[in-house]
J.: 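Let me give you the structure first, and then I'll get to my questions.
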Amino acid sequence: MTEDSRVGMSQVPLIDVDNIRVERDNTLILDSCSWRVNAGENWVVFGPNGAGKTSLLNVIQGYLWPSSGVTRVFGGTLGNGVDVREMRKTMPVVSESVRRMIHDHLTGLEVLVTGARAHLNIFDVPTAEELEKARGVADVTGVTPLLDKAFSVMSTGERQRVLIARALMADPRVVILDEPCTGLDLAGREWVLHSIESIYKSASHASLLFTTHHVEEIAEGFTHALLIGGGRVFAAGPIETVFTSENLSELFQIPLTIGRKDGRWSARASVAD
């Protein structure tokens, strides 16, 4: 491959959603949504409950097919010869649904190995190469103490941290983090956010897509934000220009003051009596 061709590939967006519309059972789920993610960008997908965040992620994974519009992932157009099963191997997901499907009898180490194989269980003895890689990933993401622990007895936060490490086993181009802090207490949330930070501080070069509706969950390292409400893109761009008091007040229909200190965001509402 020539230097010019490598440069050309790097300029192709990882994700290019063009005027997507999703309608099911006479209900409009997504309307006129466009979004582009380039290599090196880490995105927060932010909006109220039911805004369409997970639906948008399901579109780019090929689980939800739009009624109209075009979705391109890694340069290929979904529905036009792209093998979505192969595509998903380099776009792992950390979510509540994935957590429920992991077999409880597996150890943390074995859960990591399933990530390299794109399976949810272990059917034969892991190879020396798989074990070596899993231990290296565990070291980078800080989950080494969990490698010998059964998934069934891990706390919810520990499971999420192991699943975040698991996502790196496939050398991903994009990691999708779909509300990974749901149901966690304060300590669990902070440990999960620490694991997320370890991804963009590592040499993985994977871009992160992180969905949430809590500003305090947005850790340092996210470069861009997509605001979505009512199934429509409200704003998208560099996080400093998108994450403003004015934008979020309009999105949530309540006066909000947005702040940032030491890389972490906060929000305070002014609610009249």
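Below, all heavy atoms of this structure are taken into account, side chains as well, without hydrogens, waters or symmetry copies. Note that the structure is a prediction, hence the values are computed from the model and not measured. Start at 1 with the first residue, then count along the sequence.
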J.: Taking Asp83 for its side chain and Arg85 for its backbone only, find out whether a donor-acceptor pair lies under 3.5 Å.
T.: yes
J.: Going by atom types alone, do Glu217 and Thr212 pair a side-chain donor with an acceptor below 3.5 Å?
T.: yes
J.: In chain order, what residues pass the side chain to side chain donor-acceptor pair (under 3.5 Å) check against Trp43, with sequence neighbours excluded?
T.: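 Trp43: side chain to side chain donor-acceptor pair (under 3.5 Å) contacts with Glu41.
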J.: Are Ile164 and Trp191 linked, directly or through intermediate hydrophobic residues, by side-chain heavy-atom contacts shorter than 4.5 Å (ILVMFWY only)?
T.: no
J.: Can you measure from NE2 (His119) to CD1 (Ile102) and round to the nearest 0.5 angstrom?
T.: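 His119 NE2 to Ile102 CD1: 12.0 Å, rounded to 0.5 Å.
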J.: Give a yes or no on whether the backbone of Glu250 and the side-chain of Gln253 come within a donor-acceptor separation of less than 3.5 Å.
T.: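 Here the side-chain-to-backbone pair exists.
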J.: Would you call Arg161-Glu158 a salt bridge at under 4.0 Å N-O?
T.: no
J.: Backbone N or O of His103 within a donor-acceptor pair of the Asn121 side chain at under 3.5 Å?
T.: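 No, Asn121 side chain to His103 backbone: no donor-acceptor pair under 3.5 Å.
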J.: Measuring from atom CG of Leu64 to atom OG of Ser55, what distance do you get when rounded to the nearest 0.5 angstrom?
T.: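 Leu64 CG to Ser55 OG: 6.0 Å, rounded to 0.5 Å.
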J.: To the nearest 0.5 angstrom, please state how far the OG1 atom of Thr244 sits from the CG atom of Asn247.
T.: 3.5 Å
J.: Could Arg264 and Asp262 be called an ion pair, given the rule that one side-chain N must be under 4.0 Å from one carboxylate O?
T.: no
J.: Do Asp104 and Arg159 meet the salt-bridge criterion of a basic N to acidic O distance under 4.0 Å?
T.: yes
J.: Taking C-beta and beyond as the side chain, do Leu248 and Ile258 meet within less than 4.5 Å on heavy atoms?
T.: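 Yes - at least one pair of side-chain heavy atoms lies under 4.5 Å apart.
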J.: Can you list every pair that meets salt bridge (Lys or Arg N to Asp or Glu O under 4.0 Å) and has a residue in residues 116-130, with sequence neighbours left out?
T.: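 Non-adjacent pairs meeting salt bridge (Lys or Arg N to Asp or Glu O under 4.0 Å): Arg117-Asp124, Arg117-Glu130.
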J.: Assess the residue pair Glu96 and Thr182 against the criterion (side chain to side chain contact (heavy atoms under 4.5 Å, CB included)); give the C-alpha distance rounded to whole Å, side-chain angles, the decisive distance to 0.1 Å, and a yes or no.
T.: CA-CA 8 Å; Glu96 175 64 24; Thr182 298; 5.8 Å; no
J.: Rounded to the nearest 0.5 Å, what separation is found between the SG atom of Cys33 and the CD1 atom of Ile29?
T.: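 Reported to 0.5 Å precision, the distance equals 11.0 Å.
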J.: To the closest 0.5 Å, what do you measure between CD1 (Ile60) and CG (Asn58)?
T.: 9.0 Å
J.: Taking it one step at a time, do Thr211 and Asp178 satisfy side chain to side chain donor-acceptor pair (under 3.5 Å)?
T.: CA-CA 5 Å; Thr211 70; Asp178 191 8; 2.6 Å; yes
J.: Decide side chain to side chain donor-acceptor pair (under 3.5 Å) for Thr114 and Arg166; before the verdict, give the C-alpha distance in whole Å, the side-chain angles of both, and the deciding distance to 0.1 Å.
T.: CA-CA 7 Å; Thr114 68; Arg166 175 184 182 269; 2.8 Å; yes
J.: Under a 4.5 Å side-chain heavy-atom rule over Ile, Leu, Val, Met, Phe, Trp and Tyr, are Trp65 and Tyr63 clustered together?
T.: no
J.: Does the pair Asp171/Lys133 count as a salt bridge with the N-to-O cut at 4.0 Å?
T.: yes
J.: Does any part of the side chain of Asn38, heavy atoms only, come nearer than 4.5 Å to the side chain of Arg36, both counted from C-beta?
T.: yes
J.: Mind checking the CG-CZ spacing from Asp18 to Arg72? Nearest 0.5 Å is all I need.
T.: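 One finds 5.5 Å between CG of Asp18 and CZ of Arg72.
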J.: Around atom CD of Glu132, are there more than 12 heavy atoms from other residues, nucleotides or ligands closer than 6.0 Å?
T.: no
J.: For Gly40 and Ser207, work out which heavy atoms get closest and say how close.
T.: N-OG, 3.5 Å
J.: Considering non-hydrogen atoms only, spot the tightest contact between Gly75 and Val12 and give its length.
T.: CA-CG1, 3.7 Å
J.: Looking at Glu23 and Arg21, does any basic side-chain N land under 4.0 Å from a carboxylate oxygen?
T.: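 Salt bridge present between Glu23 and Arg21.
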J.: So do the side chains of Pro180 and Ile196 get within less than 4.5 Å of each other, counting heavy atoms only?
T.: yes
J.: Could you go through Leu193 and Cys181, starting from their C-alpha distance and side-chain angles, then the distance that decides it, and tell me whether this counts as side chain to side chain contact (heavy atoms under 4.5 Å, CB included)?
T.: CA-CA 8 Å; Leu193 295 182; Cys181 298; 3.9 Å; yes
J.: Would you say the side chain of Phe74 lies within less than 4.5 Å of the side chain of Met87, judging by non-hydrogen atoms?
T.: yes
J.: Please name the pair of heavy atoms, one in Glu86 and one in Lys89, separated by the smallest distance, quoted to 0.1 Å.
T.: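 Minimum heavy-atom contact is OE2-NZ, 3.0 Å.
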J.: Just wondering, do Ile239 and Ile218 contact through their side chains at under 4.5 Å, heavy atoms?
T.: yes
J.: Shared ILVMFWY cluster between Val140 and Val113, side chains joined below 4.5 angstrom?
T.: no
J.: Write down the atom of Val162, the atom of Val143, and the distance for their closest heavy-atom approach.
T.: N-CG1, 4.3 Å
J.: Taking His213's backbone N and O only, do any of them form a donor-acceptor pair with Lys53's side chain (distance below 3.5 Å, no angle check)?
T.: no
J.: Testing Val94, Leu184, Leu163, Thr156 for side chain to side chain contact (heavy atoms under 4.5 Å, CB included) with Val192, which one passes?
T.: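 Checked Val94, Leu184, Leu163, Thr156 against Val192; only one passes side chain to side chain contact (heavy atoms under 4.5 Å, CB included): Leu184.
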J.: Measuring only between side-chain heavy atoms, which start at C-beta, is Arg173 closer than 4.5 Å to Met91?
T.: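 A side-chain contact is absent here, since even the closest heavy-atom pair is not under 4.5 Å.
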J.: Given Thr71 and Thr77, is the side chain to side chain contact (heavy atoms under 4.5 Å, CB included) satisfied, shown in steps?
T.: CA-CA 6 Å; Thr71 305; Thr77 301; over 6 Å; no
J.: Evaluate Asp148 against Thr107 for side chain to side chain contact (heavy atoms under 4.5 Å, CB included), listing each step before the verdict.
T.: CA-CA 6 Å; Asp148 294 326; Thr107 65; 5.9 Å; no
J.: Using side-chain heavy atoms (C-beta onward) and a distance below 4.5 Å, is Leu256 in contact with Glu246?
T.: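 No, side chains not in contact.
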J.: Which heavy atom of Thr90 sits nearest a heavy atom of Ala170, and at what distance?
T.: CG2-O, 4.4 Å
J.: Quick one: do Met101 and Leu177 end up in the same hydrophobic cluster if we chain Ile, Leu, Val, Met, Phe, Trp and Tyr together by side-chain heavy atoms under 4.5 Å apart?
T.: yes
J.: Quick check: closest heavy atoms across Val22 and Val59, and the distance to 0.1 Å?
T.: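 Where Val22 meets Val59 most closely, the heavy atoms are CG2-CG2, 4.0 Å.
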J.: Is Leu56 reachable from Val70 through a run of I, L, V, M, F, W or Y residues, each pair having side-chain heavy atoms under 4.5 Å apart?
T.: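 Different clusters: Val70 never reaches Leu56 through Ile, Leu, Val, Met, Phe, Trp or Tyr contacts under 4.5 Å.
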J.: Less than 3.5 Å apart, which donor and acceptor atoms pair up between the side chains of residues 221-237 and the rest of the protein, not counting sequence neighbours?
T.:
| unit_1 | atom_1 | unit_2 | atom_2 | d |
| --- | --- | --- | --- | --- |
| Thr223 | OG1 | Asn42 | N | 3.0 |
| Thr223 | OG1 | Asn42 | O | 3.2 |
| Arg232 | NH1 | Asp31 | OD2 | 2.6 |

J.: Phe46 and Phe243: aromatic ring centres closer than 6.0 Å?
T.: yes
J.: Decide yes or no for Ser34 and Val17: does some side-chain heavy atom of the first lie under 4.5 Å from some side-chain heavy atom of the second?
T.: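 They are not in contact (no side-chain heavy atoms under 4.5 Å apart), so the answer is no.
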